[in-house]
Amino acid sequence: MADLETLVYELALKQEVGIDNDMLKESLPQYPLEQIVNCVNRLLQQGKLELLQVGNTIFYRAVKMDELERMAGLTSDEKLVFKHIENSGNEGIWVRTLKQKTNLLQGVITRCLKGLEQKALIKSVKSVKHPTRKLYMLIDVNPSADITGGPWYTDQEMDTDFIDQLAKQCYQFIYAHSYPRHNQKGIYSANHTGFPTSSQIRRFISENKITNVELSVENIEELLTMLVYDGKIERIAPAFDVDMGGSSRNGAGKPSVDWMYRALRITNKDSPFTDIPCGRCPVFDHCSETGVITPAKCEYYKKWLSF
């Protein structure tokens, strides 16, 4: 009988979602169905198998040995609470949600959580979105950015100094590549593709060790969006051919959309002149009554006057 248990367990272990009754019958034709069913029930009681429903089909998923070792010595209530915490992944689970999913009394859940914490199986974390809630997750799981706030939060507090300093570095890097170095009052042509992208800005910050915090491209884009709303930079046409050493193709060899960013010349914010498009116009120095760039042809003016 022990050999059959080993066969069933190993069959289930080979499949990520486990095995169902039809697969068991096909894989073990030499054993009577009743004998297989009794074997499965014993493995379920021993905790070596667990039920998993996919659609209308019931699967028997094998519990790995390291997981069995962690579950050893736990009460049935602790095992139930542990499984729900495990399934929550890096998002964690709230006590009230645990109560709804397990149908256990609050006192029982509190006792289980305390026992699991003492066994160093779970930990509690606080969420920046819900500071009053205590979330539970496995001890070796790192909380998601939604919970910690990502690199912009320290001890559940937004680190505004860190954000401002990084945003300043981003702006300076973008500005350095937004205008010709030999003529800071000049502008690049409309088809210029050398404006920096978010991936290039991230590489600049990383290579120059501006911060020890690991930042993703998405983190950099959050800073750039803030600078766009502050009127310091603008997002322009996607770049497919960049001349700053960045790749314009993804892993599949297909062009990837990567927005470029150009710094705007900042004038005195206290001046009422900044309320009209001229105050922040990137081609202000080239505007005249005649020529290619004129107030009569100005797209910025048209948008401003349409409000």
Side-chain angles (χ1 to χ4, degrees), residues 2 5-20 39-55 57-157 159 212-214 216:
E5 290 181 5
T6 302
L7 287 173
V8 172
Y9 179 77
E10 289 180 349
L11 282 171
L13 200 59
K14 292 177 181 178
Q15 305 295 328
E16 185 176 352
V17 296
I19 52 177
D20 60 9
C39 177
V40 169
N41 288 334
R42 283 193 299 275
L43 290 172
L44 288 170
Q45 292 172 357
Q46 295 168 13
K48 293 182 178 180
L49 292 181
E50 61 181 8
L51 293 176
L52 178 67
Q53 184 170 351
V54 179
T57 307
I58 299 296
F59 288 86
Y60 307 106
R61 190 183 76 87
V63 179
K64 296 180 180 179
M65 295 307 297
D66 59 342
E67 192 174 343
L68 282 172
E69 292 174 0
R70 285 193 298 179
M71 302 284 282
L74 299 184
T75 66
S76 58
D77 290 336
E78 286 177 333
K79 289 180 181 178
L80 180 61
V81 171
F82 179 85
K83 293 303 293 183
H84 282 289
I85 294 176
E86 183 181 36
N87 292 336
S88 68
N90 63 354
E91 296 297 329
I93 189 169
W94 189 25
V95 174
R96 185 175 294 179
T97 307
L98 267 175
K99 186 177 180 181
Q100 294 172 348
K101 289 181 175 291
T102 62
N103 291 321
L104 295 175
L105 296 175
Q106 183 62 52
V108 176
I109 292 178
T110 302
R111 185 170 63 251
C112 290
L113 292 173
K114 184 177 180 180
L116 292 171
E117 283 185 303
Q118 289 174 346
K119 294 180 177 69
L121 294 175
I122 64 170
K123 63 182 177 183
S124 62
V125 296
K126 289 184 178 180
S127 170
V128 295
K129 289 184 177 179
H130 307 285
T132 59
R133 294 184 183 182
K134 187 183 288 187
L135 303 175
Y136 291 90
M137 61 182 59
L138 296 190
I139 191 72
D140 55 351
V141 172
N142 293 320
S144 68
D146 288 338
I147 294 176
T148 63
W152 315 131
Y153 282 77
T154 303
D155 298 328
Q156 282 74 50
E157 294 290 335
D159 195 339
N212 293 326
V213 178
E214 182 67 27
S216 65

Would you indicate whether the side-chain heavy atoms of D20 and V54 approach each other to under 4.5 Å?
->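 Side chain of V54 against side chain of D20, heavy atoms only: no contact under 4.5 Å found.
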Answer yes or no: is there a side-chain heavy-atom contact under 4.5 Å between L44 and L49?
->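 Answer yes - side chains close enough.
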Only counting residues at least two apart or in another chain, list the ones meeting side-chain contact (heavy atoms from CB on, under 4.5 Å) with K48.
->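 Partners of K48 by the side-chain contact (heavy atoms from CB on, under 4.5 Å) criterion, ordered by chain and then number, come out as Y9, L43, Q46, L68.
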T148: what forms a side-chain contact (heavy atoms from CB on, under 4.5 Å) with it, not counting sequence neighbours?
->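 Checked T148 against side-chain contact (heavy atoms from CB on, under 4.5 Å); matches are P143.
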Partner set under side chain to side chain donor-acceptor pair (under 3.5 Å) for Y60, not counting sequence neighbours =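 For Y60 the side chain to side chain donor-acceptor pair (under 3.5 Å) partners, ignoring immediate neighbours, are N21.
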Check the surroundings of atom NZ in K134: do more than 12 heavy atoms from other residues, nucleotides or ligands lie under 6.0 Å from it?
->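 Not more than 12 within 6.0 Å, no.
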How long is the span from the CG atom in L138 to the CG atom in L116, to the nearest 0.5 Å?
->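 The distance works out to 9.5 Å.
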State the CG-CD1 distance between L135 and I122, to the nearest 0.5 angstrom.
->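 One finds 11.5 Å between CG of L135 and CD1 of I122.
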Could you note down all residue pairs passing salt bridge (Lys or Arg N to Asp or Glu O under 4.0 Å) where residues 109-123 supplies at least one of them, sequence neighbours left out?
->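 As it turns out, the salt bridge (Lys or Arg N to Asp or Glu O under 4.0 Å) pairs with a partner in residues 109-123, which skip direct neighbours, are E78-K119.
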Name every donor-acceptor pair, under 3.5 Å, that has one atom in a side chain of residues 96-109 and the other anywhere in the protein, sequence neighbours excluded.
from: T102; atom 1: OG1; to: L98; atom 2: O; distance (Å): 2.7
from: T102; atom 1: OG1; to: L104; atom 2: N; distance (Å): 3.3
from: Q106; atom 1: NE2; to: T110; atom 2: OG1; distance (Å): 3.4

Counting only pairs under 3.5 Å, give me each side-chain donor-acceptor contact of residues 87-95, with atom names and distances, residues two or more places apart or in other chains.
from: N87; atom 1: ND2; to: K83; atom 2: O; distance (Å): 3.2
from: S88; atom 1: OG; to: I85; atom 2: O; distance (Å): 2.5
from: E91; atom 1: OE1; to: S144; atom 2: OG; distance (Å): 3.4
from: E91; atom 1: OE2; to: S144; atom 2: OG; distance (Å): 3.2

Which atom of F59 lies closest to which atom of V17, heavy atoms considered =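 Smallest heavy-atom distance, with atoms named: CB-O, 3.2 Å.
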